[in-house]
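First up is the structure itself, then whatever we jot down about it.
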Amino acid sequence: MHAMTPLAKRTYTLLKTVPAGRVTTYKALADALGTRAYRAIGQFMKHNPYAPAVPCHRVVSSDGTIGGFNGGITKKIRLLRAEGIKISKNSIIDFPTLLFPFPAS
DNA sequence: TATTTGACCAAGA
DNA sequence: ATCTTGGCCAAAT
């Protein structure tokens, strides 16, 4: 087992609460965790030691575009579509509605 | 210890 | 609408 930094562990734990058919963003995760490390969170997703238990494919960019994925965004799009999420031109259809609201602290 | 690197973001041009 | 720039923070080198 590799040593897991506290922020990485909290990020994975929080992400697991996002249900299928909904999405979140790098920023929303950071915000809910009380940090501004959006970019670091992108790195955590890239590593994602718990895939597919941790649904990193449900994390997209703040503007509703797909963002990145280890192995290619095509795969990410396929996974999202399999959950009923519609995508066109690399952006989520009806993005604000599908965005999962984290419980307020 | 210092520097570089990102699956980012917001604001400008 | 597309592209650039500066800022942000944790990890890796």
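Keep in mind that the numbers below use all heavy atoms, side chains included, and drop hydrogens, waters and symmetry copies. So that the names make sense, note that chain A is the first sequence line, chain B the second, and so on, each numbered from 1. On a predicted model such as this, the values are computed, not experimentally measured, just so you know.
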If you look only at distance, which donor and acceptor atoms sit under 3.5 Å apart when one is on a side chain in residues 76-89 of chain A and the other is two or more places apart or in another chain?
residue: A:K76; atom: NZ; partner: A:V59; partner atom: O; Å: 2.7
residue: A:K76; atom: NZ; partner: A:I66; partner atom: O; Å: 2.9
residue: A:K76; atom: NZ; partner: A:G68; partner atom: O; Å: 2.8
residue: A:R81; atom: NH2; partner: A:I87; partner atom: O; Å: 2.7
residue: A:E83; atom: OE1; partner: A:G21; partner atom: N; Å: 3.1
residue: A:E83; atom: OE1; partner: A:R58; partner atom: NE; Å: 3.0
residue: A:E83; atom: OE2; partner: A:H57; partner atom: NE2; Å: 3.0
residue: A:E83; atom: OE2; partner: A:R58; partner atom: NE; Å: 3.1
residue: A:E83; atom: OE2; partner: A:R58; partner atom: NH2; Å: 2.7

5' to 3', nucleotides 2-7 of chain B under a 4.0 Å protein heavy-atom cut-off (B base, S sugar-phosphate only, - none) gives ----BB

Write down the distance between CG (A:N90) and C1' (C:dT2), rounded to a whole number of angstrom.
14 Å

I want to confirm an ordering. Mapping A:Y38 and A:F44 to their closest nucleotides on DNA chain C, which one lands closer to the 5' end?
A:Y38

Nearest heavy-atom contact between A:P55 and A:V18 is CG-O, 4.2 Å

Between A:K16 and A:V54 the two heavy atoms that sit nearest each other are CG-CG2, 3.9 Å

Atom pairs, N/O to N/O, protein against nucleotides 11-13 of chain B, distance under 3.5 Å?
none

Using atom CG of A:L29 as one end and atom P of C:dC9 as the other, report the distance to the nearest whole Å.
17 Å

Counting only side-chain nitrogens and oxygens, does A:S62 get under 4.0 Å of the OP1 or OP2 atom of B:dC9?
yes

Heavy-atom nearest pair, A:G67 first then A:I73, reads O-CG2, 3.3 Å

Closest heavy-atom contact between A:F44 and A:T11?
CD1-OG1, 3.8 Å

Figure out the NZ/C1' separation between A:K89 and C:dT2, and round it to whole Å.
11 Å

Separation of C:dC8 C1' from A:R36 CZ (nearest whole Å)
8 Å

Ignoring hydrogens and angles, tell me if any N or O in the side chain of A:Y12 forms a donor-acceptor pair with the backbone of A:A53 under 3.5 Å.
no

Applying a strict under-4.5 Å side-chain criterion to I, L, V, M, F, W and Y, I'd like to know whether A:L7 and A:F102 cluster together.
yes

Heavy-atom closest pair (A:T24 atom, A:A28 atom, distance to 0.1 Å) is OG1-CB, 3.5 Å

Whole angstrom value for the distance that separates P of C:dA10 from CZ of A:R10:
11 Å

